[in-house]
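We use all heavy atoms of the structure for the numbers below, so side chains are in, but hydrogens, waters and symmetry mates are not. Along the sequence shown, residues are numbered consecutively beginning with 1.
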Amino acid sequence: MLHSSFKLLRSSCRSQCTAIIMSTSPAVLMRLVASAHSVAEKAATIVRKVMSGGDLGIVEKTGANDLQTAADRLVQQSICSSLAKKFPKLTIIGEEDLPSQEVEDSLIELGQFEEILKYSCPIQYNSIKEEEIVVWVDPLDGTKEYTEGLLDHVTVLIGIAYEGKAIAGVINQPYYNYKAGNNAVLGRTIWGILGIGAFGFELNEVPAGQHIITTTRSHSSKLVNDCIAAINPDKVVRVGGAGNKIIQLIEGQASAYVFASPGCKKWDTCAPEAILHAVGGQITDMHGNTFQYHKDVKHMNSAGVLATLRNFDYYFSRVPDSVKQALSP
């Protein structure tokens with residue numbers, strides 16, 4: 001009799017637990033990241049389509065090193081409209097200043113990457129509401145390199161911030177593997193959430209004792225070079241795109257990202273910061289101040305960028321006072 005009662009109790013409990021699981025939808029953050037993953041992959045197809053079409057529709061914004069292409073415009077429309085359709089209370093801030101216009105249905109992506117929904121939302125983010133989230137979008141990070149055919153520098157960035165902090169991010173590389181031959185899978189998407197981790201790549205570190213700096217390819221200056229020289233690295237790698245540089249850190253191709261200059265914006269750093277932090281890295285300005293991602297914050301990271309996967313203090317201690325004095329937060 002006791003055994004029978006226990007079976008009934010266990011069966012009842014299982015039914016109740018199942019009902020609770022079935023009735024509880026994933027947290028807003030998890031659904032947003034899952035959607036952003038699919039939206040970023042849609043963006044990658046747009047980036048490749050514009051390039052294969054031959055007419056990049058290049059426009060100079062503030063000068064020859066600050067360009068906008070048809071891919072920038074179409075991808076921003078796609079990302080912002082797709083996310084706004086599913087999450088209408090979000091604040092979404094994109095790099096490109098575009099006029100309001102009807103977005104073609106072909107640019108909208110309403111899918112989601114189900115794998116992300118298998119993870120439990122970190123408890124500190126479980127009750128976040130849509131209206132408390134700010135999404136920072138760089139539709140095509142490394143635009144100049146895109147126009148020059150340096151396609152592996154290019155990324156699509158979707159950063160997610162809560163209470164001014166970058167807590168999740170998606171980075172798509174539309175041309176990852178593009179030199180690997182016809183049989184290689186073209187493109188990849190990296191995603192990360194604080195408290196869960198980062199996925200879509202293999203985490204590696206630069207061998208101990210080596211100091212490899214990654215820095216700007218197209219926005220260099222005396223101040224940037226003076227700062228790098230003071231660190232006395234074994235090697236300097238000059239590439240385009242903030243997203244690309246952070247990927248170099250987490251894949252062991254560089255030990256520090258050094259950019260002692262204004263120029264980088266919040267949409268450049270939000271998604272990469274979340275992914276870097278998710279694997280234990282660190283990113284600040286040249287004074288050691290963390291970046292803020294509130295909706296009303298100024299867009300420019302005016303005191304530069306310093307980021308590492310490991311040994312942040314080593315690099316920060318070598319930033320000259322003259323560099324710090326030249327860069328106001």
Measuring from atom [atom1] of [X] to atom [atom2] of [Y], what distance do you get when rounded to the nearest 0.5 angstrom?
{"X": "D152", "Y": "T155", "atom1": "CG", "atom2": "OG1", "result": "11.5 Å"}
{"X": "L29", "Y": "I167", "atom1": "CG", "atom2": "CD1", "result": "4.5 Å"}
{"X": "L276", "Y": "T308", "atom1": "CG", "atom2": "OG1", "result": "7.0 Å"}
{"X": "W267", "Y": "D141", "atom1": "CH2", "atom2": "CG", "result": "11.5 Å"}
{"X": "K85", "Y": "C80", "atom1": "NZ", "atom2": "SG", "result": "14.0 Å"}
{"X": "H287", "Y": "T290", "atom1": "NE2", "atom2": "OG1", "result": "13.5 Å"}

Closest approach of [X] to [Y] (non-hydrogen atoms, all atoms of both residues):
{"X": "C121", "Y": "N126", "value": "CB-OD1, 3.5 Å"}
{"X": "N244", "Y": "Q173", "value": "OD1-NE2, 4.5 Å"}
{"X": "Y315", "Y": "H211", "value": "OH-ND1, 2.7 Å"}
{"X": "P262", "Y": "M300", "value": "C-SD, 4.1 Å"}
{"X": "R310", "Y": "L203", "value": "NH2-CD2, 4.3 Å"}
{"X": "F199", "Y": "I196", "value": "CE1-CG2, 3.7 Å"}

Inset, instruction - Using the side-chain contact (heavy atoms from CB on, under 4.5 Å) rule, take M51 and Y175 through it: C-alpha gap first, then chi angles, then the decisive distance, then the call. - result: CA-CA 11 Å; M51 177 59 73; Y175 291 99; 3.2 Å; yes

Decide whether [X] and [Y] are clustered together by the hydrophobic rule: side chain heavy atoms of Ile, Leu, Val, Met, Phe, Trp, Tyr closer than 4.5 Å, transitively.
{"X": "Y125", "Y": "V279", "answer": "no"}
{"X": "I79", "Y": "I108", "answer": "yes"}
{"X": "M286", "Y": "I246", "answer": "yes"}
{"X": "V154", "Y": "I190", "answer": "no"}
{"X": "I116", "Y": "L110", "answer": "yes"}

Inspect the surroundings of [atom1] in [X] and state if more than 12 heavy atoms from other residues, nucleotides or ligands are less than 6.0 Å away.
{"X": "E114", "atom1": "CD", "result": "yes"}
{"X": "K265", "atom1": "NZ", "result": "yes"}
{"X": "Q210", "atom1": "CD", "result": "yes"}

Legend entry - Parallel, tilted or perpendicular: rings of F259 and Y257 (30°, 60°): parallel

Inset, instruction - Describe, in one word, how the ring planes of H299 and W136 are oriented to each other, choosing from parallel (under 30°), tilted (30 to 60°) and perpendicular (over 60°). - result: perpendicular

Does any non-hydrogen side-chain atom of [Y] lie less than 4.5 Å from one of [X]?
{"X": "T45", "Y": "K49", "value": "no"}
{"X": "L186", "Y": "R48", "value": "yes"}
{"X": "S261", "Y": "H219", "value": "no"}
{"X": "S220", "Y": "T215", "value": "no"}
{"X": "V39", "Y": "V170", "value": "no"}
{"X": "I58", "Y": "L67", "value": "yes"}
{"X": "D268", "Y": "N301", "value": "no"}
{"X": "I128", "Y": "V28", "value": "no"}

Can any side-chain N or O of [X] pair as donor or acceptor with the backbone N or O of [Y] at less than 3.5 Å?
{"X": "R217", "Y": "E145", "result": "no"}
{"X": "E130", "Y": "K89", "result": "yes"}
{"X": "Q76", "Y": "E96", "result": "yes"}
{"X": "D138", "Y": "L157", "result": "no"}
{"X": "N177", "Y": "A184", "result": "no"}
{"X": "Y146", "Y": "V47", "result": "yes"}
{"X": "D285", "Y": "G288", "result": "yes"}
{"X": "R318", "Y": "A230", "result": "no"}

Inset, instruction - Check the side chains of N311 and S255 for a donor-acceptor pair under 3.5 angstrom, ignoring hydrogens and angles. - result: no

Inset, instruction - Compute whether any side-chain donor of one residue and acceptor of the other, for K86 and S35, lie under 3.5 angstrom apart. - result: yes

Inset, instruction - Go through V135 and L32 one step at a time and tell me if the side-chain contact (heavy atoms from CB on, under 4.5 Å) criterion holds. - result: CA-CA 10 Å; V135 178; L32 176 56; 4.2 Å; yes

Inset, instruction - Using the salt bridge (charged side-chain N to carboxylate O under 4.0 Å, His left out) rule, pick out the option among K266, K61, R73 that qualifies with E95. - result: K61

Inset, instruction - Output all residues satisfying side-chain contact (heavy atoms from CB on, under 4.5 Å) with S78, sequence neighbours left out; order by chain, then residue number. - result: K42, I46, S82, L107

Inset, instruction - Evaluate the criterion side-chain contact (heavy atoms from CB on, under 4.5 Å) for residue pair Y293 and V134; output intermediate values, then yes/no. - result: CA-CA 7 Å; Y293 296 98; V134 182; 5.9 Å; no

Inset, instruction - Show the numbers, then the answer: is there a side-chain contact (heavy atoms from CB on, under 4.5 Å) between I193 and M30? - result: CA-CA 9 Å; I193 299 173; M30 304 308 291; 3.7 Å; yes

Legend entry - Nonpolar side-chain network containing V237, other nodes, edges under 4.5 Å: V206, I212, V239

Inset, instruction - Would you mind listing every salt bridge (charged side-chain N to carboxylate O under 4.0 Å, His left out) that reaches into residues 226-251, with sequence neighbours excluded? - result: R188-E251, K222-D226

